[in-house]
*Asks:* 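The structure under discussion is supplied below as structure tokens; questions concerning it will follow.
All figures in this text were calculated on a predicted structure; none of them were measured in a lab.
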Amino acid sequence: VQDPCEECGLRITDVRLDMPNEVENVRIFDMSGVYLGMVRAVGMQNLRESAAGLVKCGGTYLARSVSGKTLQIRIAK
């Protein structure tokens with residue numbers, strides 16, 4: 001399931017989809033599109049844990065893999 005972002009036209013993949021079991025480089029952005037950094041992750045849980053180290057507070061963020069797959073992730077702090 002995908003929802004278009006009205007402002008930028010970006011299509012966000014549903015977070016319930018599985019990530020690959022191999023290591024992926026993922027760029028993390030806030031919901032305004034500001035780049036926060038890059039993490040290496042294997043699977044969704046590892047992605048959330050790695051991204052939590054980049055962000056100052058919990059919330060919803062965008063994670064874009066080098067291959068172009070974009071996920072909306074929720075991080076609790």
Side-chain angles (χ1 to χ4, degrees):
V1 177
Q2 294 186 338
D3 297 317
C5 174
E6 293 176 9
E7 293 179 18
C8 61
L10 181 69
R11 297 186 70 76
I12 301 170
T13 304
D14 193 325
V15 296
R16 291 172 288 187
L17 296 176
D18 293 329
M19 283 187 58
N21 291 331
E22 56 206 37
V23 175
E24 258 195 279
N25 290 321
V26 181
R27 294 174 292 178
I28 306 298
F29 300 86
D30 68 13
M31 292 304 287
S32 299
V34 176
Y35 175 72
L36 302 173
M38 184 176 283
V39 297
R40 289 175 55 91
V42 179
M44 184 59 73
Q45 184 63 32
N46 185 240
L47 173 60
R48 285 190 188 110
E49 290 168 359
S50 298
L54 285 177
V55 301
K56 294 180 180 178
C57 59
T60 304
Y61 296 88
L62 297 176
R64 177 173 277 178
S65 69
V66 175
S67 63
K69 183 177 178 182
T70 303
L71 300 170
Q72 187 174 9
I73 59 173
R74 189 165 297 222
I75 298 174
K77 280 210 165 196

*Asks:* Considering only distance and modelled atom types, tabulate donor-acceptor pairs under 3.5 Å from the side chains of residues 38-46, sequence neighbours left out.
*Replies:*
| residue | atom | partner | partner atom | Å |
| --- | --- | --- | --- | --- |
| Arg40 | NH1 | Asn25 | OD1 | 3.3 |
| Gln45 | NE2 | Glu49 | OE2 | 3.3 |
| Asn46 | OD1 | Val42 | N | 2.8 |

*Asks:* Show the nearest heavy-atom pair for residues Ile28 and Ala51, with the distance to one decimal.
*Replies:*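 That would be CD1-CB, 3.9 Å.
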*Asks:* Minimum heavy-atom separation for Leu47 and Ala63, please, with both atom names.
*Replies:*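 In this case the closest contact between Leu47 and Ala63 is CD2-CB, 4.0 Å.
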*Asks:* Hey, what do you get for CD1 (Ile75) to NZ (Lys56), rounding to the nearest 0.5 Å?
*Replies:*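 One gets 14.5 Å once the value is rounded to the nearest 0.5 Å.
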*Asks:* What's the shortest heavy-atom distance between Phe29 and Arg64, and which atoms?
*Replies:* CE1-CB, 4.2 Å
*Asks:* Using side chain to side chain contact (heavy atoms under 4.5 Å, CB included), reason through Lys69 and Leu71 one step at a time and then give a plain yes or no.
*Replies:* CA-CA 7 Å; Lys69 183 177 178 182; Leu71 300 170; 3.9 Å; yes
*Asks:* Any side chain to side chain donor-acceptor pair (under 3.5 Å) involving residues 30-39? Give me the pairs, sequence neighbours left out, ordered by first then second residue.
*Replies:* none
*Asks:* Using side-chain hydrogen bond (donor to acceptor under 3.5 Å, both in side chains) as the criterion, list what pairs up with Ser50, not counting sequence neighbours.
*Replies:* none
